[in-house]
Protein chains: 2
Amino acid sequence: MKSTSKGPSVQWGPGISPSRDEPRTLAGQVARQLRLDIIRHKLEPGERLQFDKLSKRYEVGVSPLREALFQVAAQGLVVAEDHKGFVVAPIHLDEMMDVSSLRAHLETYALSGSIRDGREEWEVDLLSAFHRLKRAGIAVSVDQEDENLRTEWEDRHREFHFALCKGCGSPWLLHFFNELYDQMERYRRYFWKYAERAVAADSEHEAIMRAALDRDEKRATDLLQAHFRRQAKLTLSLRNKVQRAVSATG
Amino acid sequence: MKSTSKGPSVQWGPGISPSRDEPRTLAGQVARQLRLDIIRHKLEPGERLQFDKLSKRYEVGVSPLREALFQVAAQGLVVAEDHKGFVVAPIHLDEMMDVSSLRAHLETYALSGSIRDGREEWEVDLLSAFHRLKRAGIAVSVDQEDENLRTEWEDRHREFHFALCKGCGSPWLLHFFNELYDQMERYRRYFWKYAERAVAADSEHEAIMRAALDRDEKRATDLLQAHFRRQAKLTLSLRNKVQRAVSATG
DNA sequence: AGAAATTGGATTTTCGAAAATCTTGACAAG
DNA sequence: CTTGTCAAGATTTTCGAAAATCCAATTTCT
């Protein structure tokens, strides 16, 4: 799935390192799948990642496995301890708050940059990203229980928020955005396991986009902040349910 | 070198993953050394990192080497391309500007957080970090050419800036700080190869610290911003010399 | 001659087994 | 009863060689 843009983009910066799309080595493929499995709770937080089990699961030897684990560990989704192996990063509500607030700050900062420096290509990308998000939202609303549609919407949601930031032209800022978004998505999905699905407020997304395209920095960032505050509040309200559910099962 | 603080600190967050201090596996040790060798230009930007050569250099097999390379690649100090190997991340002046400005923003943000939330332990750490920086600065001024003293000062300098941020209590923000600082230090040392040594302005550091300890957020962040602007200006003036030097040799 | 296919050597990637380390539980000593 | 030591099994880490891929130069075909 290549970007529709044809520009050469920048040739430097982070994230170019391990080819993110379509890795052509076992290590890269396992790393990709591992990320997904952790974010989507196919592997549970705190779970030990033993080589013989993972070896069977992904059908690869230990060499590519270790390399994959180190990649994902550097991202903070797994924790490595010398001579004791790897563990899926545990869930900590404090960490979620940290990730959440830092992400809000960085994304606001990036959006300001986009509005100031974003070129026409950015506007087009943003519009198309919103369009796809909207379509996915409609699909989800038809069948709220379909896991695939839900995942589809999650992907479009990430791409929309990424599109907001993309115009800032700072590869490092976008790299950090991605890292934080991976973390955040894992936490969000964690809550979903215990709570009814929250209905997406695509109207908020549209308002943010319009303000951004109007180059109204203050209004756009204010709306984005409000968007985050609302999400945070909603998440907090799920917190109790989760804690009850966790203490009941474990 | 453990921190002087005895508090348990947080048990979550990034950076805890690959044990940063005193790794007890070959992979970890090589990763540590590789980072240093790249930051300190013992390995040159753009240089190919071939396994048989690195194998001799660090006296380890390919397995720990690959694992180390993936760790450092995730940090952006080396670039990996499938089936073509690893390369020391090239130098790009554009990237340096990106890293520099983002680092300035994040550090200012972190300092604000420290001033608002920093506890007494933070104040003590900051004071002691400044004290060590000052001592190192005096040592350097005695013998400007001693590479070890220069490196010592660099380490104290990093620890001082880290101490400024530490009180904010956001592991993820501190993690990003570290990543950006590694990048920045490499670029700074790159310029040092071509230019006379700049004398450190520890008076600026002291002023920033005083304002921070006085919990004067506006003054502290203003001073910090001025500090960065001055550094940026100084760096820019070196840029021409570097470009001349590079075009002469390459 | 120019383009496409091919071959050989260099390099990366992966595997399977050996070496090193950790964990557990039994046993002995204080 | 607690503490410390030691072996056995389990697991991680590392090595050395096999397999796969890439690169450049040569050959082959048009």
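Chain letters run A, B, ... following the sequence lines, proteins first, then strands; residues in each count from 1. Values in this document were obtained by computation on a predicted structure and should not be read as measured data.
Formation of a donor-acceptor pair under 3.5 Å by the Q29(B) side chain with backbone atoms of P23(B) is found in this model.
Taking the side-chain hydrogen bond (donor to acceptor under 3.5 Å, both in side chains) definition, one finds that Q231(B) meets it with nothing, sequence neighbours left out. Applying the side-chain hydrogen bond (donor to acceptor under 3.5 Å, both in side chains) rule to R57(A) yields the partners D37(A); only residues at least two apart in sequence or on another chain are considered. Partners of S114(A) by side-chain hydrogen bond (donor to acceptor under 3.5 Å, both in side chains), not counting sequence neighbours: none found. Every side-chain hydrogen bond (donor to acceptor under 3.5 Å, both in side chains) that E107(B) has, sequence neighbours left out, goes to R103(B), H161(B).
Along DNA chain C, the stretch of nucleotides lying under 4.0 Å from any heavy atom of chain B spans, 5' to 3', dT11(C) to dC22(C).
For the atom pair OG of S170(B) and CD of E95(A), the computed distance is 9.5 Å after rounding to the nearest 0.5 Å. Going from atom CD of E154(B) over to atom CZ of R150(B) covers 8.0 Å, rounded to the nearest 0.5 Å.
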Considering only nitrogen or oxygen atoms on both sides, find all protein atoms under 3.5 Å from nucleotides 8-11 of chain D and state each distance.
unit_1, atom_1, unit_2, atom_2, d
dT11(D), OP1, Q50(A), OE1, 3.4
dT11(D), O3', R48(A), NH2, 3.4

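Both G61(A) and H83(A) sit near DNA chain C, but only G61(A) has its closest nucleotide nearer the 5' end.
Within 4.0 Å of S63(B), counting heavy atoms only, lies at least one base atom of the nucleic acid.
In summary, the aromatic rings of Y109(B) and Y109(A) are positioned with their centroids too far apart to meet the 6.0 Å limit.
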